[in-house]
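The block underneath contains the structure these notes are about, expressed in structure tokens.
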Amino acid sequence: MSVQTSGKTGASEKTGETALAPPVPTFSEAVKVWAKIGLLSFGGPAGQIALMHRELVEERRWIGEQRFLHALNYCMLLPGPEAQQLAVYIGWLLHRTLGGLVAGILFVVPGAIVMLALSTLYALYGDAPLVEALFFGVKAAVLAIVIEAVIRIGRRALKNRAMVSIALAAFIAIYALNMPFPLIILLAGLTGWIGNRVAPGLFSGSAHGKGDAPDIKGAVDLMFERGELNHTRPTKWHAPRTLAIWLPIWLGPVLLIWVFTGSASVWSEIGRFFSVMAVVTFGGAYAVLAYVAQAAVGSFGWLAPREMVDGLGLAETTPGPLILVLQFVGFLAAFRQPGALSPLLAGSLGALLTLWVTFTPCFLWIFLGAPYIEALRGNKALSAALGAITAAVVGVIMNLALWFALHVIFGEVRSMGGMNVPVLLSIDWRAALLSCAAMIAILKLKVGMLPTLAGSVLAGVLLLAVSG
């Protein structure tokens with residue numbers, strides 16, 4: 001089914017050549033691989049992207065290194081989960097629209113099923129002392145995971161002082177100035193574009209991977225050379241046709257819900273809010289959460305800050321994109337305002353609606369923009385803008401890490417001058433101790449995410465039992 005490079009071809013690997021041209025996968029082969037990726041895609045966006053790179057670039061050679069990174073850079077620019085969008089992009093390259101649909105759906109469905117089950121258990125039994133003790137440990141691990149994400153992404157994106165400055169400016173803008181997230185992304189992209197003209201040495205290059213990665217050609221690259229991928233060439237009717245198909249698919253159910261339930265119903269609020277999130281939440285799950293937490297907790301009152309942290313902990317333990325935490329938010333929102341329905345049915349429908357308006361736009365962004373992005377491969381100004389945006393995302397994730405730290409370690413947080421500051425006397429020494437232990441496990445001892453979660457849960461139960 002695939003051609004794998006081995007030790008016997010070491011000499012040819014070093015020169016960027018391969019003994020045999022990689023075969024083009026059949027559609028059924030692709031379905032099996034996308035299902036495998038969907039079931040094994042733990043570890044957040046970085047882990048999921050690494051999994052796809054290993055499966056699609058290194059082992060099966062379906063796509064070359066540079067084209068993989070080019071597609072990833074485009075997905076980083078888009079609102080929504082970049083790992084799932086990357087799967088849609090590569091699936092579309094290989095097998096047109098149907099391939100993109102299958103890749104994107106299989107990336108989400110396994111985690112969505114697990115998340116629905118976990119949300120149900122949380123809503124029914126979340127107040128039980130044992131469950132609260134379990135989530136006490138989960139929160140500490142989540143804080144460590146988010147901090148590790150800041151460090152991991154920062155190492156790739158912050159290559160020089162210019163990128164560090166962009167990250168710090170983004171952090172100050174969102175934390176101290178409450179600047180809208182889309183505006184931060186827009187300004188970062190503009191900075192990268194202008195910076196490429198003024199100081200190209202500081203702004204050129206990709207934000208992902210090493211600049212000297214060998215350009216080993218994959219099956220997709222060879223198909224391009226043979227002129228077989230006509231669907232990747234943009235036409236004058238491509239954009240209007242794509243919008244005419246996908247906008248009604250995305251927003252049609254939201255409009256029907258608004259007509260039949262009224263604008264003030266929880267269903268309309270969920271559909272409207274998460275549809276807006278699908279447009280403005282750039283930078284992946286960690287960046288999205290800072291924006292969603294503020295609205296879901298502060299504006300709508302759907303859940304408490306600690307429950308938002310719990311939801312991320314649940315999402316960290318499931319396969320699929322971390323943005324599935326929004327499914328948890330939608331479930332609780334509808335579960336607590338069920339109307340004439342049973343709470344469980346209402347919560348399930350709320351979760352389904354959230355999934356629909358969150359992930360359907362991802363297909364629109366890829367099917368609409370991918371042909372043009374393929375035509376812009378090698379554009380230095382675009383790469384510089386993407387690199388600056390990735391640097392800004394680091395600053396946004398720093399803000400999310402601080403938000404989690406305040407709500408995990410301190411019992412009381414106040415707003416001063418528009419900034420969240422902790423009440424120092426409200427510190428929970430147990431949460432601080434457990435968080436430090438989780439950070440040592442992940443950052444120093446290099447323990448995996450799932451073992452750290454399991455260890456934090458066990459340690460949290462024991463610590464609470466001992467301390468009373």
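Computed from a predicted structure; not experimentally measured. Starting from 1, each residue takes its place in the sequence as its number. Basis for what follows: all heavy atoms, side chains included, without hydrogens, waters or symmetry-related copies.
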## Note on the structure
Heavy-atom nearest pair, Phe68 first then Ile49, reads CZ-O, 3.9 Å
### Leu116 backbone acceptor or donor facing Thr120 side chain under 3.5 Å
yes
### Minimum heavy-atom distance between Leu434 and Ala459, given as atom pair plus value
CD1-CB, 3.6 Å
### Query
Looking at side-chain heavy atoms only, is the closest gap between Leu324 and Phe359 below 4.5 Å?
yes
### Query
Looking at Gly189 and Ala385, what are the two nearest heavy atoms and their distance?
O-CB, 3.5 Å
#### Entry: Those residues that, when tested against Arg96, pass side chain to side chain contact (heavy atoms under 4.5 Å, CB included) (two or more places apart)
His231
### Smallest separation among heavy atoms of Ala219 and Val24, with atom names
CB-CA, 4.2 Å
### Task
Could you list the residues that satisfy side chain to side chain contact (heavy atoms under 4.5 Å, CB included) with Ile442, not counting sequence neighbours?
Ala144, Ile145, Glu148, Thr452
### Query
Does some side-chain heavy atom of Cys362 sit less than 4.5 Å from a side-chain heavy atom of Val88?
no
### Query
Heavy-atom distance under 4.5 Å between the side chains of Pro248 and Leu255, does that happen here?
no
### Summary
Here the pair of heavy atoms bringing Trp92 nearest to Thr97 is CD1-N, 4.1 Å
### Query
Rounded to the nearest 0.5 Å, what separation is found between the CG atom of Asn230 and the OG1 atom of Thr235?
11.5 Å
#### Entry: Trp356 (side chain) donor-acceptor with Ile249 (main chain) under 3.5 angstrom
yes
### Query
Counting only N and O atoms by type, is there a donor-acceptor contact under 3.5 Å from the side chain of Gln327 to the main-chain atoms of Ala112?
yes
### Message
How about CH2 on Trp246, more than 12 heavy atoms from neighbouring residues, nucleotides or ligands closer than 6.0 Å, or not?
### Response
yes
### Rounded distance [0.5 Å steps], CG in Leu177 versus CD1 in Ile172
7.5 Å
### Message
Let's go through Thr232 and Leu93 carefully: what are the C-alpha distance in whole Å and the side-chain angles of both, what is the deciding distance for side chain to side chain contact (heavy atoms under 4.5 Å, CB included) to 0.1 Å, and is it a yes or a no?
### Response
CA-CA 7 Å; Thr232 64; Leu93 282 175; 3.9 Å; yes
### Query
Does the side chain to side chain contact (heavy atoms under 4.5 Å, CB included) test come out yes or no for Tyr122 and Glu307, once each step is laid out?
CA-CA 10 Å; Tyr122 184 89; Glu307 292 176 321; 3.3 Å; yes
### Message
I'd like to check Gln84 versus Phe363 (side-chain heavy atoms, cut-off strictly below 4.5 Å). Are they in contact?
### Response
yes
### Summary
side chain to side chain donor-acceptor pair (under 3.5 Å) filter on His95, not counting sequence neighbours, yields none
### Task
Run the numbers on Phe273 and Val292 for side chain to side chain contact (heavy atoms under 4.5 Å, CB included), then give the verdict.
CA-CA 9 Å; Phe273 174 67; Val292 170; 4.3 Å; yes
### Message
I want to check something: taking the side chain as every heavy atom from C-beta on, are Arg241 and Phe367 in contact at a cut-off of under 4.5 Å?
### Response
no
### Query
Does a donor on one side chain sit under 3.5 Å from an acceptor on the other, for Tyr89 and Glu374?
yes
### Message
Which residues pass the salt bridge (charged side-chain N to carboxylate O under 4.0 Å, His left out) test with Glu269, not counting sequence neighbours?
### Response
none
#### Entry: Test item: Trp34 and Leu56 side chains (from C-beta on) under 4.5 Å apart, heavy atoms
yes
### Query
So do Ser435 and Ile409 actually touch side chain to side chain, heavy atoms under 4.5 Å?
yes
#### Entry: All side chain to side chain contact (heavy atoms under 4.5 Å, CB included) counterparts of Pro305, not counting sequence neighbours
Val297, Trp403, His407
### Task
List the atom of Ala71, the atom of Leu86, and the distance in Å for their closest heavy-atom pair.
CB-CD1, 3.8 Å
### Message
Nearest 0.5 angstrom please: Met52 CE to Phe107 CZ, how far?
### Response
4.5 Å
#### Entry: Worked check of salt bridge (Lys or Arg N to Asp or Glu O under 4.0 Å) between Glu59 and Lys36
CA-CA 14 Å; Glu59 295 188 3; Lys36 176 183 177 181; 5.2 Å; no
### Query
In terms of the angle between their ring planes, are Phe331 and Phe335 parallel, tilted or perpendicular, with boundaries placed at 30° and 60°?
parallel
### Task
Output all residues satisfying side chain to side chain contact (heavy atoms under 4.5 Å, CB included) with Leu345, sequence neighbours left out; order by chain, then residue number.
Leu341, Ser342, Leu349
### Query
If you measure from CG on Leu353 to OG1 on Thr358, what distance do you get to the nearest 0.5 Å?
8.5 Å
## Note on the structure
d(Ile245 CD1, Leu368 CG) to nearest 0.5 Å is 11.5 Å
#### Entry: Beyond-backbone contact of Leu243 with Leu364, side-chain heavy atoms, under 4.5 angstrom
yes
### Query
Roughly how far, to the nearest 0.5 Å, is OG of Ser268 from CG of Leu256?
10.5 Å
### Message
Test side chain to side chain contact (heavy atoms under 4.5 Å, CB included) on Arg336 and Val266; report intermediate values, then the result.
### Response
CA-CA 9 Å; Arg336 291 167 176 169; Val266 67; over 6 Å; no
